[in-house]
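Reminder, nothing fancy here: chain letters follow the sequence lines and each chain counts from 1.
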Amino acid sequence: MRPDRYNFAECEQRWQKIWEQNQVFKAGELETAPKYYVLEMFPYPSGRLHMGHVRNYSMGDVIARFMRARGYDVLHPMGWDAFGLPAENAAAQTGAHPAQWTYANIAAMRTQLKSLGLSLDWTREIATCDPEYYQHQQKLFLDFLKSGLVDRKKSKVNWDPVDHTVLANEQVIDGRGWRSGALVEQRELIQWFLKITLYSEELLTALDKLERWPEKVRLMQRNWIGRSEGMLVRFALSQPFDSICEIEVFTTRADTLFGAKFIALAADHPLSKKLAAERSDIAEFCEECRRGGTSAEAIETAEKLGMDTGLRVAHPFDANWMLPVFIANFILMDYGSGAIFGCPAHDQRDFDFAKKYSLGATLVVCPDGVAPSELNFDLEPYEGEGKLINSGFLDGLTVSQAKEAVANRLENTPLFGAPQGSRKVNYKLRDWGVSRQRYWGCPIPIIHCEACGVVPVPEQDLPVRLPEDVTFDQPGNPLDRHPTWKDVSCPSCGAPARRETDTMDTFVDSSWYYARFADPHNKHLPAAAASLNRWLPVDQYIGGIEHAILHLLYSRFFSRAMRDSGHSAASEPFSGLFTQGMVVHETYRDAHGGWISPASVRLETIDGARKAFLIEGGAEVEIGPIEKMSKSKKNTVDPDEIVASYGADTARLFVLSDSPPDRDVIWSDEGAQGAWRFIQRLWRVTGELGCVAAAPGVIAPQQTGAEALALRQATHRAIASVTENIERLRFNSAIARIREFVNELTESLDKVQEDGVGADQAFAFREAADVLARLIAPMVPHLAEECWSDLGHGGLVAQASWPIADPGLVAQARIILPVQVNGKKRAEIEVPHDADEDTIRKESLAHDAVVRAMDGKPVKKFILVPKRIVNVVV
RNA sequence: GCGGGCGUGGCGGAACUGGUAGACGCGCCGGAUUUAGGUUCCGGUGACGAAAGUCGUGGGGGUUCGACUCCCUCCGCCCGCACCA
């Protein structure tokens with residue numbers, strides 16, 4: 001007996017069990033089929049799934065199920081980005097060991113994920129904190145070291161002197177550590193770096209070929225890599241200072257050299273440091289510059305400060321022209337040469353700086369069509385194109401000609417035995433510092449020996465495991481203060497030596513996990529070449545836009561580093577990328593301004609205005625702005641609760657339907673109820689269809705009446721547009737089309753006569769029902785299975801093939817053509833789809849509304865866009 | 001500060017490569033069914049207007065026979081900025 005209501009709780013569990021028993025989602029079972037690898041960014045095991053996860057994984061699941069139905073061998077795995085700071089914070093707060101905390105969280109989240117009915121291949125599950133995983137990461141690190149892709153150098157960090165730890169920029173608030181409140185110091189540590197800059201050019205140019213990436217992400221990466229063509233120019237000091245006799249600057253505007261007013265050095269420039277060693281005022285100023293923080297944001301938004309060092313340099317084109325040398329807080333040592341020449345008239349920052357220190361400005365580029373005398377640069381600098389003025393031999397040249405001329409001249413001007421200037425391509429991209437002074441990360445497999453220096457851990461000694469007996473009750477790195485862990489003998493000379501106690505940035509873990517999924521149980525290799533070649537690259541990667549730069553760029557570097565150290569063939573990790581939006585929710589606050597959870601709020605519409613009341617007590621609460629779900633604002637919705645009260649299919653349908661997937665979706669209870677109603681409606685409609693449909697597998701009858709034909713056309717048009725929308729990842733539009741199709745089916749069912757249907761209609765209803773079950777299967781898979789089985793099918797809809805639209809049934813015989821007069825729509829005409837222009841013209845001009853709008857004026861122009869529109873210009 | 005994005009009815013959004021603005025849903029209004037409804041079904045719903053029609057895609061300007069779509073400019077909101085993941 002078919003129940004009136006779809007019992008999601010019972011059905012969802014039952015189908016999940018059947019899928020699992022039949023291993024329906026195991027990858028690699030169809031070796032002759034083309035492969036398709038769909039991957040969602042793996043989660044950090046915080047312990048609770050949030051709606052953002054539900055949305056992310058639902059999208060991936062639609063693609064996975066869709067591609068499986070289309071005959072692909074689909075790899076759709078899941079794992080855990082399991083190293084990271086929160087586990088250590090939890091350990092410090094609750095005493096739970098990071099491993100214990102992490103694995104408990106993984107277990108909880110795995111259960112939550114499984115309740116969503118995602119078509120994941122759980123046999124490939126990995127966790128990055130598992131030695132089975134990180135031993136291969138250590139091997140990769142050593143292979144990269146051999147291939148010259150690893151470096152060890154000094155780098156500046158934010159040091160918290162109380163917590164004895166390095167802080168991220170976001171952990172530095174107003175110059176103080178977020179936890180200790182201590183004034184943060186800048187320290188130089190020797191750190192391990194991966195040499196991503198070796199790939200600057202390749203990472204940049206290869207972006208052009210990533211056609212299935214959003215253009216905005218490619219642009220962001222392009223800007224991040226920051227290629228600029230310019231020159232290195234050396235300025236001679238009027239008097240050598242402590243053996244330094246020149247300053248080298250990088251500039252992209254060598255054409256403006258005649259507008260130079262000053263030289264500015266970074267506080268960390270070698271010359272600044274030498275000056276600081278001798279002069280306390282300079283030392284103090286440099287300290288002040290460092291206090292601002294290391295982030296680019298802090299440096300660039302800070303007020304521009306400088307200090308005249310008293311040093312002078314000679315202008316390259318006039319030995320008698322002296323320029324002052326400043327130390328300035330907006331110059332970054334990491335970029336270019338850590339020194340610039342300032343041209344106030346043609347650069348905003350130089351302009352601001354010169355204004356503040358009254359350094360003057362000389363105009364050297366004049367926009368075309370403007371007389372130099374008309375120029376007024378008191379208010380803002382001019383950064384555009386034009387012709388050179390006030391510039392000696394450059395006068396009259398364009399900006400690019402002047403750059404050429406300066407380069408040619410300086411390349412042939414000797415200074416201290418070398419050309420004074422040289423062309424240089426500079427990148428903003430810096431090497432990737434991977435050292436972290438933390439416990440819960442992948443140990444860097446290195447041993448420090450006094451005699452032999454830096455010695456790699458021999459391969460047979462891998463993995464270097466984290467010690468388990470550590471405590472988090474004291475500040476600092478537990479690995480560093482562990483009594484015995486770091487004591488080893490040198491693999492090369494046998495003398496007592498010390499382990500590297502730094503662990504790797506967790507971005508390293510996530511830079512190759514997609515490759516491990518290809519061969520997750522391989523004991524000897526990160527992944528066998530055959531597996532990598534079978535599965536890589538990931539065909540569709542899905543995750544948040546917040547990873548647009550770092551994670552994705554590091555992964556792109558890693559796949560190249562793996563290629564160049566002999567692991568795999570693919571250069572790019574992800575051939576398709578999709579960045580989904582967040583799940584956001586209204587906020588609620590009580591009379592005292594305290595945040596109120598949506599679960600304790602009841603919404604009502606009174607006189608057209610939405611109002612919110614506390615469920616307990618009934619006091620009115622204020623409806624606040626819609627914001628990203630966060631614990632602090634209590635505007636989160638727990639997926640478990642939604643799954644318990646509405647079912648996984650409703651949750652999945654809702655997060656996919658209301659907004660385009662790349663934009664934020666607003667979670668609302670009304671919307672969730674709407675999705676739930678549609679689930680029930682689908683169930684009822686399939687039941688009604690089942691009553692009038694022919695038996696499964698019946699062959700199309702010879703004769704098809706008008707009703708049946710219309711229904712078949714609706715079915716095939718639905719197939720065509722749902723398929724197209726899923727291919728374009730427009731899940732919201734795909735669902736809208738399914739809803740339209742269901743509306744059409746309801747209409748057809750309403751027209752069915754009491755005395756039943758003919759064979760042609762029975763066939764059309766059968767076709768429609770079978771198509772509907774398959775079209776909804778990627779989004780609401782449990783319901784789809786239930787309908788499929790209810791419709792009399794033996795197998796699983798998860799294993800059924802995707803319906804194919806018959807082009808003959810999709811095409812329209814007659815089309816409706818809007819008619820415009822002077823660009824305004826005045827009428828619609830219906831014509832055969834292949835009507836010729838004359839017919840259309842006659843019919844358009846004969847239409848009442850068109851005649852009226854033309855007001856007796858003659859036709860000036862008749863525009864026909866085939867199958868789209870007619871425009872009569874009078 | 002630099003870089004990236006977004007802006008369409010009461011609300012979420014649709015509109016493919018410049019060709020009918022508002023698909024589909026939510027909400028609301030009206031009706032029917034039901035012992036009941038937080039169920040289901042049917043109809044209506046951008047604004048102004050009696051209608052013809054006029055206006056309308058954040059504001060202003062431009063290109064075009066035709067602009068949500070392209071260009072310029074202004075406003076508002078969001079994201080990233082290298083040790084959060």
Euclidean distance, atom NZ of residue A:Lys195 to atom P of B:A82 [Å, nearest integer]
23 Å

May I ask you to verify whether the side chain of A:Arg663 and the base of B:C6 hold a donor-acceptor pair under 3.5 Å?
no

In Watson-Crick or G-U wobble terms, both distances under 3.5 Å, what is the partner of B:C84?
none

Under 4.0 Å, heavy atoms only, any strand: does A:Ile863 hit a base, just the sugar-phosphate, or nothing?
base

Does the side chain of A:Asn871 get closer than 4.0 angstrom to OP1 or OP2 of B:U20 through an N or O atom?
no

Hey, does A:Lys825 reach any base, or is it just sugar-phosphate, or nothing, if we go heavy atoms under 4.0 Å?
base

When you check the phosphate oxygens OP1 and OP2 of B:G4, does a side-chain N or O of A:Asn223 lie under 4.0 Å from one of them?
yes

Of A:Ile549 and A:Arg684, whose nearest nucleotide on RNA chain B comes first from the 5' end?
A:Arg684

Centroid-to-centroid, A:Tyr513 to A:Phe42, below 6.0 Å?
yes

Heavy atoms only, 4.0 Å cut-off, all strands: where does A:Ile735 land among base, sugar-phosphate and nothing?
nothing

Judged by whether its glycosidic angle lies within 90° of 0, B:G56 is anti

Hunt down the Watson-Crick or G-U wobble partner of B:U40, both distances under 3.5 Å, from any strand shown, or write none.
B:A32

B:A82 phosphate, OP1 or OP2: any side-chain N/O from A:Arg430 under 4.0 angstrom?
no

Just the rounded figure in Å: distance from C1' of B:G38 to OH of A:Tyr646.
9 Å

So what does A:Gly671 hit on the nucleic acid, given a heavy-atom distance under 4.0 Å: a base, only sugar-phosphate, or nothing?
nothing

If only side-chain N and O atoms of A:Arg222 are considered, is one of them under 4.0 Å from the OP1 or OP2 phosphate oxygen of B:G4?
no

C1'-based separation of B:G12 from B:G46 [nearest Å]
16 Å

Any base atoms under 4.0 Å from A:Gln820, or only sugar-phosphate, or nothing? Heavy atoms, all strands.
base

To the nearest Å, give me how far apart CG (A:Asp505) and P (B:A82) are.
13 Å

With sugar-phosphate meaning primed atoms plus P, OP1 and OP2, does A:Ser435 contact a base, only sugar-phosphate, or nothing at under 4.0 Å between heavy atoms?
base

Would you say A:Arg677 reaches B:G27's phosphate, i.e. side-chain N/O to OP1/OP2 under 4.0 Å?
yes

Are any non-hydrogen side-chain atoms of A:Ile126 and A:Trp80 less than 4.5 angstrom apart?
no

Does A:Glu724 reach a base, just sugar-phosphate, or nothing at all? Heavy atoms under 4.0 Å.
nothing

If you only use heavy atoms from C-beta on, which nucleotide in B:C83, B:C65, B:U20 is closest to the side chain of A:Glu828?
B:U20

Mate of B:U63 across any strand shown (Watson-Crick or G-U wobble, both atom pairs under 3.5 Å) is none

So A:Lys428, base contact, sugar-phosphate only, or nothing? Heavy-atom distance under 4.0 Å.
base

For A:Phe353 and A:Phe330, I'd like to know if the aromatic rings sit close, meaning centre-to-centre distance below 6.0 Å.
yes

Please report, rounded to the nearest Å, how far the P atom of B:C81 is from the NE2 atom of A:His547.
10 Å

Need one value for A:Arg737: base, sugar-phosphate or nothing, where a base atom within 4.0 Å counts as base even if backbone is also close, heavy atoms only.
nothing

Is the phosphate of B:A14 approached by A:Arg739 (side-chain N or O, under 4.0 Å from OP1 or OP2)?
no

If B:C68 has a Watson-Crick or G-U wobble mate with both distances under 3.5 Å, name it; if not, just say none.
none

Taking A:Thr128 as the fixed residue, which of A:Thr102, A:Val508, A:Asp81 is the one that meets the side chain to side chain contact (heavy atoms under 4.5 Å, CB included) rule?
A:Asp81

What's A:Gln680 touching, base or sugar-phosphate or nothing? Going by heavy atoms closer than 4.0 Å.
nothing

To the nearest angstrom, the CG-C1' distance between A:Leu682 and B:G25 comes to 13 Å

Ignoring the backbone of A:Arg730, work out which of B:A14, B:C83, B:U39 is nearest its side chain.
B:A14

On a whole-Å scale, what distance lies between the P atoms belonging to B:G25 and B:C75?
40 Å

A:Lys751 has an atom NZ; how far is it from atom C1' of B:C42, in whole Å?
15 Å

Could you check which nucleotide pairs with B:A47 in any of the strands shown, counting Watson-Crick or G-U wobble with both distances under 3.5 Å?
B:U54

Keeping the roles fixed (side chain from A:Arg737, backbone from A:Ser721), state whether a donor-acceptor pair exists under 3.5 Å.
no

Check this one for me: any side-chain N or O of A:Thr506 less than 4.0 Å away from OP1 or OP2 of B:A85?
yes

Counting the atoms with a prime plus P, OP1 and OP2 as sugar-phosphate, which does A:Trp224 contact under 4.0 Å by heavy atoms, base, sugar-phosphate, or nothing?
base

Between B:C71 and B:G49, how far is it from one C1' atom to the other, in whole Å?
36 Å

Distance test, side-chain N/O of A:Lys824 to OP1/OP2 of B:A21, below 4.0 Å:
no

Which is true for A:Phe507 with a 4.0 Å heavy-atom rule: it touches a base, it touches only sugar-phosphate, or it touches nothing?
base

Closest to the side chain of A:Leu429, out of B:A14, B:G25, B:A82, is B:A82

Applying a 3.5 Å limit to both distances, which nucleotide forms a Watson-Crick or G-U wobble pair with B:G3?
B:C79

Counting side-chain heavy atoms from CB outward, which of B:A15, B:G19, B:A14 is closest to A:Asn732?
B:A14

Ion pair present between A:Lys825 and A:Glu828, side-chain N to carboxylate O less than 4.0 angstrom?
yes

Please report the distance separating the C1' of B:U17 from the corresponding atom of B:C72, rounded so that it comes out in whole Å.
23 Å

Does A:Glu724 pair with A:Arg728 as a salt bridge, N-O distance under 4.0 Å?
yes

Go ahead and name the base partner of B:U17; Watson-Crick or wobble counts if both distances stay under 3.5 Å, otherwise write none.
none

Rounded to whole Å, please give me the gap between CD1 in A:Ile829 and C1' in B:G19.
14 Å

If you find the nucleotide of RNA chain B closest to A:Ile816 and the one closest to A:Lys216, which residue's nucleotide is nearer the 5' end?
A:Lys216

B:A47 and B:G9: how far apart are their P atoms, nearest whole angstrom?
12 Å

Heavy atoms from C-beta onward define the side chain here; which of B:G3, B:G27, B:G19 lies closest to that of A:Met220?
B:G3

Classify the nucleic acid contact of A:Arg826 as base, sugar-phosphate or nothing, counting any heavy atom under 4.0 Å across all strands shown.
sugar-phosphate

Paired with B:G9 by Watson-Crick or G-U wobble geometry, both distances under 3.5 Å: which nucleotide is it?
none

I need the CG-P distance between A:Asp352 and B:C2, as an integer number of Å.
10 Å

Is the distance between the ring centroids of A:Trp432 and A:Phe193 less than 6.0 Å?
no

Phosphate OP1/OP2 of B:G53 contacted by A:Arg852 side-chain N/O (<4.0 Å)
yes

Can you check whether A:Tyr44 reaches A:Thr506 side chain to side chain, under 4.5 Å on heavy atoms?
no

Lys/Arg-Asp/Glu bridge criterion (N-O < 4.0 Å) met for A:Lys153, A:Glu188
no

Counting the atoms with a prime plus P, OP1 and OP2 as sugar-phosphate, which does A:Pro43 contact under 4.0 Å by heavy atoms, base, sugar-phosphate, or nothing?
nothing

